[in-house]
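Right, one structure below, let's go through it.
Sequence lines set the chain letters: A, B, ... in the order given, protein chains first and strands last, and positions in each chain run from 1.
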Amino acid sequence: MKAFPLLSLLSALLAGIFCPSIQADDKEITLYTQRHYGFDEELHRKFTEETGIKVNVVKAGADELIARLQEEGENTSADLFMTADGAGLDRAAKAGLLEAMPDFAELKNVPEELKDVDKKWVAITKRARVLAYSKDRVKAEELSTYEDLADPKWKGRLSIRSSTNAYNQSLMTTLIAANGKEEALEWATAVRKNMARPPQGSDRDQIRAVAAGLADVALVNTYYVGLLENSEEEKDRKAAAAIKLFFPNQSNRGTHVNISGAGVVKGTDKKEEVTRFLSFLLSDEVQAMYPVNTFEYPVVSSVDWSDRQKEWGSFKADAVPLSSMGDLTAEAVRLFNQAGWE
Amino acid sequence: MNSAEITEGSADYPFRFRLSPPGRWGLFVGAVSLCVALPLFAVLLFLLQPGPEWAHLQSTVLIKYLGNTLLLLVSVLAVSFLMGVPAAWLVSTVEFPGRRFFSWALVLPLAIPTYVAAFVYFEGPEAAIPLLVKVRTQWGVDAFLACEAIIRYGLLILLLSSVLFPYLFLGARSAFLQQGRDVLEASRCLGSSPRRTFFRIALPLARPGIVAGGALVGMEVINEYGAVHFFGVPTLTEGIFRTWFGMNDKASALRLAAIVMIAVLVFLAAEKALRGRAHFTTENTCSHPPARRRLRGAKQWAAFVICLLPFVLGFLYPVIRLLTWAVSQVEAGSPVFPSVPAILRGTAVATTTAIVVTGFAALFAYAVRLRQSRSREMLARIATLGYAIPGAVVAVGVMAFFGFVDRSEVPGLPVLGGTLFAISFAYFVRFFAIPNQLSHAGLDRIGRGVEEASRVLGHGPLQTFLRVNLPLLRGPLFAAAILLFVDLLKELPLTMILRPANFETLSTSAFSLAKEGRMHACSVPSLLIVLIGGIGLFLMNRRMDSDIRP
Amino acid sequence: MTDSPAILRFEDVSRRFAKNETPAVDRVSLDIPAGEIFALIGASGSGKTTLLRIAAGLDSPDSGKVYLGEICVADAGKPAQNLPPEHRQIGLVAQEGALFPHLNVTKNVAFGLAGWKREERDDRVAECLQIVDLGGKEKRFPHELSGGERQRLALARALAPGPEILLLDEPFSHLDPSLRRTLREEIKSILSELRQTALLVTHDPEDALAIAHHLAVLESGRVIQQGAPADVYRNPVNQYCAERFGAANGVLDPETGETKWTRPEEARWLSCEVADEGTAVTVLSVTPLGHLYEVRVQTDDEKKSEWLCILREGEFLKTGDKGRIAWRGNPGTVAWKS
């Protein structure tokens, strides 16, 4: 039979692919994460070495993962849910997908404003959304607040990524909380009009655009600057050298700080392993690794910033509670739509 | 009932039916169609119930999404027509230097996913920045904004056309190769110049092939997710994502998807209606394809350039850029290699899915033919619609379906949501149309003669299929499996949403790196996609060539 | 040959498709006179279709010249100046019609009338459809016509621009015999009514004999005989020529010593008693054809040739019967091998 080799190949492939996924191993946890940094994989390996617990990973956007958790219900294989944005975490908690974390030592080191009141989630790292401006064409005195970006003097000089992006959506929720819906809408409309090009690309691309002279000011997360400075590409290092960071709203409510955090998925039977993983992530050792690897700020106050972060300077953070962000996300997207901010 | 009893009773061989049991085959056709149709119907249901955000969408972004989608659709179709059809005409009817090479090489751009092409072409807007800065200092901000938009839209249209035109090229080429020389000569003898003959006879006769290719291009544009996002041109697909995930309004998102689907259906139906009763093939038995006329002088170089240009834009240039990036990565000492076991698993899933789905499609096409009835033909038509829905929608439909199955806790059934089975099933729903259509065409070409001969010689329908049709269908099925495999290799949105733990494909690893703006790092997985896909397409093309011209 | 001027003239035309191969057309010179139907007959591969394609401009000769009227349309010496088919004012009816499947009847016929004024074109289309009796089917598509209608449509389309010469390439070959006969008659009457010059290429003797005023036999690319159909039929110059028109028996002319070809129906059966006339033969087999019989006989002389005869007497003959065969118009011929 000619079909025989084909059939045997097929069955071998099928067996090879499908069998391992069915067998369950007690010494493993499954992580649904929005974080897409290579450094996380190193951390997972380190964790497995130390504890023997394997970390399985599903990577996707926060909202896609939430939709997936909802559909999978109690049959989900996820044990831990991680995002790169506080609003996503908050939405998952409010959708009833997360359960309260058991107490563990490291949790106490995290400041109150960086964890959920019901202990549904906890921040692992912090990042500030700041202005990256051209050293040559902009003076620091010209910059002041997020609100100032709506000023006509910036026409054709701003570079900001798409409003589909969670970082922008979260920033918008703080503007709504601070100034109200109408003003937030006016702000978004004016900022969109001031852009040098329609929103596109990642935060790195915004910095590159400023470095290349296309725009003068970009709105980016702090750690991207660190990543660019340490990039394997010379072009990126040059781009990072051409810009400076500015922490807006220091004179009033403070710079918008977002978190990357984690929550325990409701109904998991791996509570013990998950707790070990969380305490691992919040341990001083790992917390100290973030500032030098991903250039995010640690959440544990006892851990020191990296030298580069210290050079960026300390800053006042917006005190708006993170738990309000999830509620306002849909409103933020609606306002972005109305403002014509793609 | 009666026939079924006889079959059961007198079967001396498990796979042999004395009489055609319409029950079983009908059931099979129904089951396959149902699988594909379920997410479709789910989507259509939402057409009637607007979600909470619908009015908001309508008043804000809907027009923009629609406008962008239409603009891309029309211009990409036009540009890829110009790239694909003249080249197809040249390689199938005239002889010039490089013709043999181009006749297969022009298929290769299919191996390059649109988002990978977008990474490469994104250098364009970057490179144009100094020029744009000059425009701004000279003519002010408004001129600058206009220039920026033109460059961005232009490049997006160019890059989409460059990697999608092979669908049109393939459709047109097979149509041109099958055209008899007699009608073309008849036209010449009736006083038409070669030019008029091309426009009045050859081109209209190639219409079904061109429309089929164009429909594929159109659906790819509508479902496009990576490249449009990258170039900041939001289309309806992005609108679906945004409404669903950002605004948490499933109903409105699915309503958008339903609009897309209906638009595709209306377009295809309108094209069919416009054909009227006209036929596009001659039933001539003795009509061979025309001998290729050798071009001379400047003309042959013109032909060479017409074929070279799309090849360079759609394949050579992207590959060279990716290669230089990869080399610079290696030189910098930090090449990012995707996790090998995960990639192997991803590729193995693509391979198995391609083979299994193709097998199903062949059996399905055969079952539909076995007893021609209106209902079976309707079912067959429905089964091809999966290609018209965005991958993300299929993904969520499948996710919801398995969520329901898992919740209802059928005894003995393991949890299926989030498994490889679920993602393979979604691939099946989304891509069933490709092998199904190729199997249909293949079966039609075989004709019923041999089938009937086998039945009269005492073989049942299944035996006949396995021993007669399947061997004869080898060529088209091979082509179908390869096309499917390449599509699976490139697939992004569906895989992103449904992938199980530790499941990485080349496309997901390339895209997540590129999304972070790490262009050089994504060159290695991108090159692997192109390499594997390119080898597949090369093999397929050799096979198809020998099918058309023995 | 008639005195009317040649519409189409081949002068020493040759065509070879591949080097080292025998030429498909080998030094052919032919004149196709005005108003006549000229048939080219030959076995498949004899070069007749190639010759027609050269006339149409769909192929070019390797040597020799082709004239349409006074104009040299193809000259192997100056291939660049060959007139392309669209400027030759010829009509072509291809083997299976080569109708445009995406155009309806009217549009098929009007296709060659580009540049005509609208009313004139409409009139001409109507007129041509009237001629081929397709009135009332204007809106049909080719696949909605019967085989005969399709071929008539092909004829109408070729006639519409009023070509100098009509080229017909095996126009009846794929029709069934009865349809073939009617269509042949129709086309013949249409062409003679229009006094249309036509070149018909065929392998079918009935086509050639029934329609042509004049015919030429092609063998391996060479013209080996031409003349009026009846002449060629009765006096073929060789066996190949003879067999183009059905069975033939080779007989030796005792006076000249030449081989002649006779047709089966020219045989006469003589019983042994009538004595000397003809050749002594033995009956091998008898096949009834209706009121006539096909009788195979073998000569009794040392050559033992086999002949095929159409005889009325077959009714009374059986295998092994002895008798004599004489040939009408060829008295005293003796046996020769067949």
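Only the side chain of B:Phe122 comes within less than 4.5 Å of a heavy atom in chain A; its backbone stays farther off. For chain B, no part of A:Ala95 is nearby; none of its heavy atoms comes within less than 4.5 Å. For A:Ser163, the parts lying under 4.5 angstrom from a heavy atom of chain B are both the backbone and the side chain. For A:Ala339, no part sits under 4.5 Å from any heavy atom of chain B, backbone or side chain. Neither the backbone nor the side chain of B:Leu470 comes within contact range of chain A, judged by heavy atoms closer than 4.5 Å. For A:Pro198, the parts lying under 4.5 angstrom from a heavy atom of chain B are both the backbone and the side chain. Only the backbone of B:Phe231 comes within contact range of chain A, with at least one heavy atom under 4.5 Å from a heavy atom of that chain.
Shown here is B:Arg467, whose CZ atom has no more than 12 heavy atoms of other residues, nucleotides or ligands within 6.0 Å. Counting heavy atoms of neighbouring residues, nucleotides and ligands inside a 6.0 Å radius, atom CZ of B:Phe360 does not exceed 12 of them. When the shell of 6.0 Å around NZ of A:Lys94 is examined, it contains more than 12 heavy atoms from other residues, nucleotides or ligands. Within 6.0 Å of NZ in A:Lys193 there are 12 or fewer heavy atoms belonging to other residues, nucleotides or ligands.
Here the CZ-CZ distance, from A:Arg197 to B:Phe144, works out to 9.0 Å after rounding to the nearest 0.5 Å. Expressed to the nearest 0.5 Å, how far CG of B:Leu145 lies from NZ of A:Lys155 amounts to 6.5 Å.
Chosen from B:Gly232, B:Pro130, B:Ala149, the residue pairing most often with chain A at heavy-atom distances under 4.5 Å is B:Gly232. If you tally non-hydrogen atom pairs under 4.5 Å between each of A:Leu65, A:Leu214, A:Val58, A:Leu31 and chain B, the highest count goes to A:Leu214.
A donor-acceptor contact shorter than 3.5 Å links the side chain of B:Arg499 to the backbone of A:Lys59.
Considering only heavy atoms from C-beta on, B:His229 comes within 4.5 Å of A:Thr164 through its side chain.
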Let me see the working for A:Glu342 and B:Glu238 under side chain to side chain contact (heavy atoms under 4.5 Å, CB included), right down to the final yes or no.
CA-CA 10 Å; A:Glu342 294 90 342; B:Glu238 183 155 333; 5.9 Å; no
